[in-house]
Asks: 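The structure that follows is given in the form of structure tokens.
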Amino acid sequence: MRGTWLFTTTTTLLLAAGMMLPVTGAEAAEKKTLTVYTYESFTSEWGPGPKIAESFEKTCDCTLTYVSVADGVELLTRLKLEGPASKADVVVGLDTNLVTEAKATGFFAPHGLDTSALNVPGGFSDDSFVPYDYGHFAFVYDTQTLKTPPKSLKELVEGGGKEKIVIEDPRTSTPGLGLLLWMKSVYGDQSSEAWSKLKDRILTVTPGWSEAYGLFTKGEAPMVLSYTTSPAYHMVAESSDRYQAAEFAEGHYIQIEVAGMTKAARDPDLAKAFLAFLDGPQAQTILPTTNWMMPVATPSEPLPEAFGKLVQPKTTFLMSPEEVAQNRKAWIDEWLAAMSRN
Amino acid sequence: MPAGRDRRLTRTLGVAGITGIALFVGAAILALALAATREGAGTGAASDVFDAPVFDAYVWRVARFTLIQAGLSTLLSVAFAIPVALALARRRSFIGRIWIIRLMALPLGLPALVAALGIVGIWGRQGVVNDLFALLDLDRPVAIYGLAGILIAHVFFNMPLAVRLLLSGLDRIPGEYWLVSANLGLSRLSLFRFIEWPVIRGLLSGIAGLIFMLCATSFTLVLTLGGGPAASTLEVAIYQALRFDFDPPRAIALSALQITVTAVLLLVLRWLTPPATEGLTTGRPVRRFDGRSRTALLADILVIALAALFVAAPLASVLVSGLASDLAKLASDAQVHRALVTSLGIAAASAVLSVALATIMLTTRQILLSPRRPGRFAHVFSGSVAAGTSLVLLVPPVVIGAGWFLLLRPFGDVARFAPAVITLINTLMALPFVTRVLAPAIATHAARTGRLTTSLGISGWSRIVLVDGPGLRRPLLMALSFAAALSLGDLGAVALFGSQDMVTLPYLLYSRMGSYRTTDAAGLALLLGIVCVALTILGTARESLRERAS
């Protein structure tokens, strides 16, 4: 018995020692390198990262390195923690609501690209950030348990339906904040009353998208706050029509993902070339079926058929980054008050 | 007690240990606070908007809810754990006992999201319980979203933990006690009052304190099952302040509030429950003479079965979803292999470090407190160990992580230090568990062997090999397995430091979940569960051997 005990201790100590060794990065000295900060699902093996890196490296004779963190919000936190010494040349994966804060850090340089030809609903354009894909928030429902989904946000809020919905928390998640802004866009000053009415239909408010979607696919609620593009994943990857997005008559709030280059970029031309590449036909073909978002420019190959079946909102809601930054705290407080009332 | 040279060495190490902990945590908080004041208003819109007072009505409401739900969760977990531990201690050998004890260590190693989905699979609207009611033509009457869901989840996590800790204490009751009480013909009530309760009471403040802290800092479970923002904990506010608003001063102020409130409660608990006195034993095997009646047997079977069912059902739900995934593909996935190796490495390293640190500090405390009238230094040290090994759980890992990120920034690529920092954070987070396993065991061990070994002049290495090693092997293994399981399921700081080179299993699980790969995530949850089972087997290795012998 003592033998086993010693063996275990030795093994764990050796493992521990191994873990402490610094991870050495093997970088080719002669080739140019571009360091791209992004979120984790972008660089995962099924995400757009690997393919985009491969095709970009063919055009630039350079090496592209990703540094990834959990999500877009974490990305900004990471940049603030690193400060101007950050190794990031390009940052991919912030959304329009984070743009004001990102600019306030003073790390980002103007990209100098002409983005007027891009097709972004809501018409976002900015001198520091280029949009590269977008998605509209939508309530995704399970066609097996919900035959007649609400046709408008008003019907969802006031229609007296009994089906429960799962939403995300605006204090901790991007879709949660998206719904808050969507309600504000539709209801304006009456948002507080609207939330009080909607409250009874809300099964629970999760900290992030994963928990909400997990509860939804487990069948706990027939409707969840997600994206118009969510059904595309199920249609393309699982060949299933079961989950569909409900089109709302008022319109849908949009999430636009943006990228920018830093002032500290070691090779500004290379960084700029990467931003341009992101909006080029090759990257725009890769993004929709890997990031499950809509392209902002014409892809080199037609999109899978499933994308044609998605809800195409007739009206797009988008508030300016400044308006969101100014009001977010007050609106979240209003939401908390309305939702906490019994 | 050890000889002079041993004592001095242990004492130096012990003081170094507690100082190290204080420095590790303090430096991180200081770095974060300094960074915030240096950058000050320069961070722009966010800080302009958030210069409102920290402790507003919202914070107080959240603090109140935190205390209420944590208090209720603790009360329920402990109240359910006591009869289960008593029953398991009374029935010392039945087929499957070891597996029920192992089962009780499993929830610890599961990430909150996995546990939440498992619990929903049983207690949710479409869960098994409601399916059973549907057979009775009742329309899904069980609705858990709200306080009920939070309490179920917290009892699921913590009742088994309390059972394990109480059971170890009950198992240390000298065999002579049972013999004497049988001779005296003590009634069930008297047995409880004079033998079992004093032991339980001595452990209670430590266990209840630990559970209270775990529930107070619960985040994902509270939000996911809480039904709405009325159910929020201070941890949610801290997370929001640091991650969404990047407002370090607010995050630190909220952490301070959380620590102060809980510290006061822990002190009250300690004051209410005096430590147990140690009983002497010749080490005769424990034989129980009580509970021989048929009703007593039935009652124990019922209690044990219900507890096992309550803990096993959500785990079974995780197992069933896991089996539906493409396990073969996951098993051959290089990313899964890497994540598994990373997770095991971190878990092993932090478990060993945590157990070593706790052992040294607890031994030092034992040495310092052993004179009839311990000096002031002894009391200060003892108090700091108690506080340090408890309150560290209340400092959000995200705060320590962010602080160390800032500290290490001048030394090059922070990702290089990620394994070390994450290991150390996990080491700290495991300390409260480890000390609760080891402290009572070391106290009992010292009381039973201390004078004899000293009078025999056994010291140094031979003392460790001959006396302390064999005597403490069981609690040490249990502490190791607890600490390892805990770090295995932890997501905490990895998210901030995360890079392609540093992916742990829970991180991979969340990432698959976050990109629609729900079935992959279910398979990974199963994998995590299997690793945890292996760890609990390690933690109970000795028991099974002894069972075989008897």
Side-chain angles (χ1 to χ4, degrees), chain A residues 1-2 5 9 12-13 15-16 18-20 22-23 25 40-41 43-47 66-70 73-74 76-78 80-83 85 87 100-101 104-105 169 171-172 199 202-207 209-211 214-215 217-220 233 292 325-326 328-329 333 336 339-340, chain B residues 43-46 49-50 58 61 113 116-117 120-121 124-126 145 219-220 223-230 236 239-240 242-244 246 335 344-346 348-349 351-353 402 405-406 409 413 415-417 419-420 423 469 473 495-496 498-501 510-511 513-516 518 545:
Chain A
M1 194 55 217
R2 185 172 304 140
W5 162 239
T9 321
T12 41
L13 280 176
L15 266 171
M19 295 301 303
M20 299 299 176
V23 184
E40 200 276 333
S41 65
T43 56
S44 66
E45 55 185 312
W46 55 80
Y66 288 116
V67 172
S68 61
V69 295
V73 181
E74 198 81 71
L76 192 56
T77 308
R78 172 78 173 245
K80 285 177 177 170
L81 283 176
E82 289 192 344
K87 285 200 307 171
T100 303
E101 261 184 81
T105 61
D169 197 316
R171 289 173 297 173
T172 50
K199 187 173 167 268
I202 297 172
L203 179 69
T204 194
V205 184
T206 66
W209 180 89
S210 299
E211 291 87 0
L215 287 177
T217 48
K218 241 182 146 50
E220 280 294 285
Y233 173 80
W292 305 102
Q326 268 165 25
R328 186 160 61 103
K329 165 95 168 112
D333 285 347
L336 280 171
M339 290 288 294
S340 305
Chain B
T43 44
V49 174
F50 290 97
Y58 165 66
R61 207 175 58 228
L113 173 57
L117 290 179
V120 160
R125 295 175 80 216
Q126 309 298 326
Y145 295 92
F219 175 109
T220 307
L223 279 188
T224 306
L225 300 173
V236 177
Y239 179 90
Q240 180 193 3
L242 199 61
R243 280 214 41 209
F244 231 60
F246 197 69
Q335 229 187 342
L344 284 176
I346 292 178
V352 170
L353 277 174
F405 195 100
L406 289 168
R409 195 170 63 180
D413 188 2
R416 281 193 303 153
F417 306 107
T423 304
R473 185 185 295 137
L496 190 70
S499 64
Q500 297 88 309
D501 314 316
Y510 267 80
S511 118
M513 189 97 191
S515 39
Y516 296 102
T518 322
L545 262 190

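Protein chains get the first letters and strands the later ones, always in sequence-line order, with residue 1 at the start of each.
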Asks: Go through the atoms of B:T518 and report whether side chain, backbone, both or neither lie under 4.5 Å from a heavy atom of chain A.
Replies: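 The side chain, not the backbone.
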
Asks: What part of A:T217 gets within 4.5 angstrom of chain B, counting heavy atoms only: side chain, backbone, both, or neither?
Replies: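 The side chain, not the backbone.
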
Asks: Would you say that B:L406 contacts A:L81 through its side chain, given a criterion of any heavy-atom pair below 4.5 Å between the two side chains?
Replies: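 The answer is yes, as the side chains (C-beta and beyond) meet within the 4.5 Å cut-off.
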
Asks: By a 4.5 Å heavy-atom criterion (distance strictly below it), what part of B:L113 contacts chain A: side chain, backbone, both, or neither?
Replies: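 Side chain only.
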
Asks: Please report the shortest heavy-atom distance between B:R409 and A:K80, naming the atom on each side.
Replies: NH1-O, 4.1 Å

Asks: Any idea which heavy atoms bring A:G219 and B:Q126 closest together, and the distance?
Replies: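 Shortest heavy-atom separation between A:G219 and B:Q126 comes out as O-CG, 2.8 Å.
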
Asks: For residues B:S515 and A:W209, report the shortest heavy-atom separation together with the two atoms involved.
Replies: N-CZ3, 4.5 Å

Asks: Is the shortest side-chain heavy-atom distance between A:T206 and B:T224 below 4.5 Å?
Replies: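 With C-beta onward as the side chain, the pair touches.
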
Asks: Write down the atom of B:V120, the atom of A:K218, and the distance for their closest heavy-atom approach.
Replies: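 Closest approach of B:V120 to A:K218, heavy atoms only: CG1-CD, 4.3 Å.
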
Asks: Testing the basics here: between A:S340 and B:R61, what is the closest heavy-atom pair and its distance to 0.1 Å?
Replies: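 Looks like OG-NH2, 3.7 Å.
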
Asks: Please round to the nearest 0.5 Å and tell me the distance separating atom CG of A:D333 and atom OH of B:Y58.
Replies: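 Going from CG on A:D333 over to OH on B:Y58, the span is 8.5 Å.
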
Asks: Shorter than 4.5 Å, heavy atoms on both sides: which option in B:G228, B:P229, B:G121 has the most such pairs with chain A?
Replies: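 Top option by heavy-atom pairs under 4.5 Å: B:P229.
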
Asks: Counting only non-hydrogen atoms closer than 4.5 Å, does A:L215 touch chain B with its backbone (N, CA, C, O), its side chain (CB onward), both, or neither?
Replies: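 Its backbone and side chain both get close to chain B.
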
Asks: Looking at every heavy atom in both B:G226 and A:T204, which two are closest together, and how far apart are they?
Replies: N-OG1, 4.0 Å

Asks: Taking side chain as everything from C-beta outward and backbone as N, CA, C, O, which of these in B:Y510 sits under 4.5 Å from a heavy atom of chain A? Side chain, backbone, both or neither.
Replies: both

Asks: Which residues satisfy the side-chain hydrogen bond (donor to acceptor under 3.5 Å, both in side chains) test with B:Y516, sequence neighbours excluded?
Replies: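 Per chain and number, B:Y516 pairs via side-chain hydrogen bond (donor to acceptor under 3.5 Å, both in side chains) with A:S230.
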
Asks: Hey, are the side chains of A:L203 and B:R125 touching, using non-hydrogen atoms and a 4.5 Å cut-off?
Replies: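 The answer is yes, as the side chains (C-beta and beyond) meet within the 4.5 Å cut-off.
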
Asks: Let's test your reading of the structure: which of A:E40, A:E220, A:E82 forms the most heavy-atom pairs below 4.5 Å with chain B?
Replies: A:E220

